[in-house]
Peer 1: 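The structure under discussion is supplied below as structure tokens; questions concerning it will follow.
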Protein chains: 2
Amino acid sequence: MPSKPLPPITMDAVYAAPGYLFRRMQQIAVSIFMEECKAFDLTPVQYAALIAIHTHPGIDATRLSAVIAFDRSTLGSVIERLQAKDYIERKPAPEDKRIKLLYLTKSGAAILREIIPAVERAQARMLEPLKPADRKQLMGLLVQLVDLNNEASRVPLRAEDALEHLGKAG
Amino acid sequence: MPSKPLPPITMDAVYAAPGYLFRRMQQIAVSIFMEECKAFDLTPVQYAALIAIHTHPGIDATRLSAVIAFDRSTLGSVIERLQAKDYIERKPAPEDKRIKLLYLTKSGAAILREIIPAVERAQARMLEPLKPADRKQLMGLLVQLVDLNNEASRVPLRAEDALEHLGKAG
DNA sequence: TGTTGATTGACAGTATACTGACGATCTAGG
DNA sequence: CCTAGATCGTCAGTATACTGTCAATCAACA
């Protein structure tokens, strides 16, 4: 019995699919970031981790993963690399032997200060081809969509929740 | 001499950055795809490759990488896995000993036929939280942006160019 | 108090991605 | 014909990502 023919499949359908466009845009974004920041030898992920540690000194790895929506198992190696570059340090928590607290070193604070202009150039370049009004529109829609789809990924973003357990008044 | 203080850095600035949003949306898109398609054991990348091989039978790996905007070195392992699952086969090209031509097997055509509804559900789910008008707007802007930024990634999309050398009238 | 259940960091295994390099092969030019 | 340059598939090395698991540790409750 001959199999039914496939429905008409075109690459154009792939090129217009949301999943394909998100993947492609991510590739492009990383590429632009690395180009603008190549003098600093920092990846987008490492940069985000540094920012988060700067913003939340003494955070632990699990909470860090929630704050930047990274996978915990991926984060381990990211932290290792940042530590090897002397941008962060880990101190054991006195009250919980399982936890290691993360702090920016002076080198870490310094590179953050230096890299920020390059990162901002990169972010601007990603949207540059669009008209300013379209950039705003796109960002607005993306912020909405990411927020509304938050629970769909393995590591949903938990920005405030994560901080409630850090010892501050919650 | 005390170092200058960092400019005010907030996680909110990160959460609103295009690069962060693209990364996050990609994570979410892959997660939704895998959930809808878990019965088929196919990744988004493998799916795109199958579609491209179906659309362009006898394509070689380098041209395939251009058609789906993948890295050539990544594609090797993707092809291996598809071949191991008996979804594609590779035949040596008679006129060029360097090249191996890619074809869908019957199993490959079959799984493509079966998985397409699930993929379409996944693609729809990614945009579901938005109002229909906003979905259109977002996709329109993304298509524009990806197209205008095409050259920024390592492997720019070369949909038509790639086919001109395939033996068809170019 | 003693055990159950949850959490933390770590690890193994798989799959994209990119950089840079390599031998085999093909093509063009002299 | 024969060599210089380009192209093809491949590989090594690095960096995200995700799944699932584990021992150590902690918290809560009987």
Side-chain angles (χ1 to χ4, degrees), chain A residues 19-20 22-35 38 41-49 59-66 68-85 90 92-102 152-156 162 165, chain B residues 19 22-24 26-35 38 41-49 59-66 68-85 90 92-102 152-156 162 165:
Chain A
Y20 179 82
F22 293 136
R23 166 186 306 280
R24 195 85 188 83
M25 203 51 231
Q26 221 265 321
Q27 287 179 340
I28 290 167
V30 171
S31 181
I32 291 176
F33 183 103
M34 294 305 282
E35 201 178 310
K38 59 169 173 267
D41 191 31
L42 264 193
T43 67
V45 166
Q46 291 166 11
Y47 169 76
I59 197 172
D60 62 282
T62 294
R63 252 154 288 281
L64 179 59
S65 89
I68 49 186
F70 277 15
D71 198 284
R72 253 191 346 155
S73 48
T74 305
L75 199 54
S77 54
V78 175
I79 288 174
E80 255 179 35
R81 280 184 280 274
L82 287 175
Q83 197 171 11
K85 293 176 187 173
R90 314 180 75 173
E95 297 151 6
D96 191 333
K97 291 174 190 168
R98 296 171 302 178
I99 292 179
K100 297 175 187 172
L101 306 178
L102 301 172
S153 64
R154 184 193 187 187
V155 186
H165 308 283
Chain B
F22 293 136
R23 167 185 307 279
R24 195 86 187 85
Q26 221 266 319
Q27 286 179 344
I28 292 167
V30 171
S31 180
I32 292 176
F33 183 102
M34 294 306 280
E35 201 177 310
K38 59 171 174 268
D41 190 31
L42 264 193
T43 67
V45 166
Q46 290 166 12
Y47 169 77
I59 197 172
D60 62 282
T62 294
R63 251 154 287 280
L64 178 59
S65 89
I68 50 186
F70 277 13
D71 197 282
R72 252 189 348 152
S73 47
T74 305
L75 199 55
S77 55
V78 175
I79 287 173
E80 255 179 32
R81 282 185 279 275
L82 287 175
Q83 196 171 14
K85 292 176 187 173
R90 313 179 76 173
E95 297 150 6
D96 191 334
K97 289 175 191 169
R98 296 171 301 179
I99 292 178
K100 298 175 186 172
L101 306 177
L102 302 172
S153 64
R154 185 194 187 186
V155 186
H165 308 284

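Throughout, protein chains are lettered first and strands after them, A, B, ... in sequence-line order, and every chain is numbered starting at 1.
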Peer 1: For the side chain of B:R98 and the base of C:dT25, is some donor closer than 3.5 Å to an acceptor across the two?
Peer 2: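 Yes, a donor-acceptor pair under 3.5 Å.
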Peer 1: Look up atom CD1 in B:I68 and atom CZ in A:R24, then write down how far apart they are to the nearest 0.5 Å.
Peer 2: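 Between B:I68 CD1 and A:R24 CZ, I get 11.0 Å after rounding to 0.5 Å.
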Peer 1: What nucleic acid atoms does A:D71 come within less than 4.0 Å of, heavy atoms only: base, sugar-phosphate, or nothing?
Peer 2: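 If one applies the 4.0 Å heavy-atom cut-off, A:D71 turns out to touch a base.
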Peer 1: Could you tell me whether the phosphate oxygens of C:dG9, OP1 or OP2, come under 4.0 Å of any side-chain nitrogen or oxygen in A:T62?
Peer 2: yes
Peer 1: Taking CG from A:L42 and C1' from D:dA15, how many angstroms apart are they, rounded to a whole number?
Peer 2: 13 Å
Peer 1: Once you round it to whole Å, what is the distance between P of C:dA15 and CD1 of B:I79?
Peer 2: 15 Å
Peer 1: Whether B:K100 contacts D:dT10 is assessed here as follows: a side-chain N or O lying under 4.0 Å from the phosphate OP1 or OP2. Is that the case?
Peer 2: yes
Peer 1: Measure from CG on B:L75 to P on D:dC8 and round the result to the nearest Å.
Peer 2: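 Taking CG of B:L75 and P of D:dC8, I get 13 Å after rounding.
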Peer 1: Let me confirm one number: the CG-CG distance from B:L82 to B:L102, rounded to the nearest 0.5 Å.
Peer 2: 9.5 Å
Peer 1: Between A:E95 and A:S77, just flag the one whose closest nucleotide in DNA chain D comes earlier from the 5' side.
Peer 2: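 Checking each residue's closest nucleotide, the 5'-ward one belongs to A:S77.
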Peer 1: Decide side chain to side chain contact (heavy atoms under 4.5 Å, CB included) for A:T43 and A:R81; before the verdict, give the C-alpha distance in whole Å, the side-chain angles of both, and the deciding distance to 0.1 Å.
Peer 2: CA-CA 11 Å; A:T43 67; A:R81 280 184 280 274; over 6 Å; no
Peer 1: Roughly how many Å is it from CG in A:L101 to P in C:dT8, rounded to a whole number?
Peer 2: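 After rounding, the gap between these two atoms is 12 Å.
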Peer 1: What's the closest nucleotide to the side chain of A:V78 if the choices are C:dG9, D:dT25, D:dT16?
Peer 2: D:dT16
Peer 1: Are A:Q26 and C:dT16 close enough that a side-chain N or O sits under 4.0 Å from OP1 or OP2?
Peer 2: no
Peer 1: I want to check one thing: is the phosphate of D:dT16, taken as OP1 and OP2, less than 4.0 Å away from some side-chain N or O of B:Q27?
Peer 2: no
Peer 1: A:S73 side chain: which of C:dA12, D:dT16, D:dC8 is closest?
Peer 2: C:dA12
Peer 1: Could you state the atom-to-atom distance from CE of A:M25 to P of C:dT16 in whole Å?
Peer 2: 22 Å
Peer 1: Without decimals, in angstroms, what is the distance between B:K97 NZ and C:dG23 C1'?
Peer 2: 15 Å
Peer 1: I'd like to check A:I28 versus A:M25 (side-chain heavy atoms, cut-off strictly below 4.5 Å). Are they in contact?
Peer 2: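 Side-chain contact under 4.5 Å: yes.
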Peer 1: Less than 4.5 Å apart, side chain to side chain, heavy atoms only: is that true for B:K85 and B:L42?
Peer 2: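 B:K85 reaches B:L42 side chain to side chain.
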Peer 1: Relative to the 5' end of DNA chain C, which residue comes earlier, A:I28 or A:T74, by the nucleotide with the nearest heavy atom?
Peer 2: A:T74
Peer 1: Using the closest heavy atom to pick a nucleotide of DNA chain C for each, name whichever of A:I99 or A:V30 lands nearer the 5' end.
Peer 2: A:I99
Peer 1: Is any side-chain N or O of B:R72 closer than 4.0 Å to OP1 or OP2 of D:dG9?
Peer 2: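 For D:dG9, neither OP1 nor OP2 has a side-chain N or O of B:R72 closer than 4.0 Å.
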Peer 1: I need the A:D71 CG to B:Q27 CD distance, nearest 0.5 Å.
Peer 2: 8.5 Å
Peer 1: If I take atom CD1 in residue A:I32 and atom C1' in nucleotide C:dC18, what distance separates them, rounded to the nearest angstrom?
Peer 2: 15 Å
Peer 1: Classify B:T43 by what it touches in the nucleic acid, base, sugar-phosphate, or nothing, heavy-atom distance under 4.0 Å.
Peer 2: sugar-phosphate
Peer 1: C:dT16 C1' sits how many Å from B:M34 CE, rounded?
Peer 2: 11 Å
Peer 1: When the nearest nucleotide of DNA chain D is assigned to A:V45 and to B:R90 on a heavy-atom basis, which residue is associated with the more 5' position?
Peer 2: B:R90
Peer 1: OP1 or OP2 of C:dC18 less than 4.0 angstrom from a side-chain nitrogen or oxygen of A:S31, does that happen here?
Peer 2: no
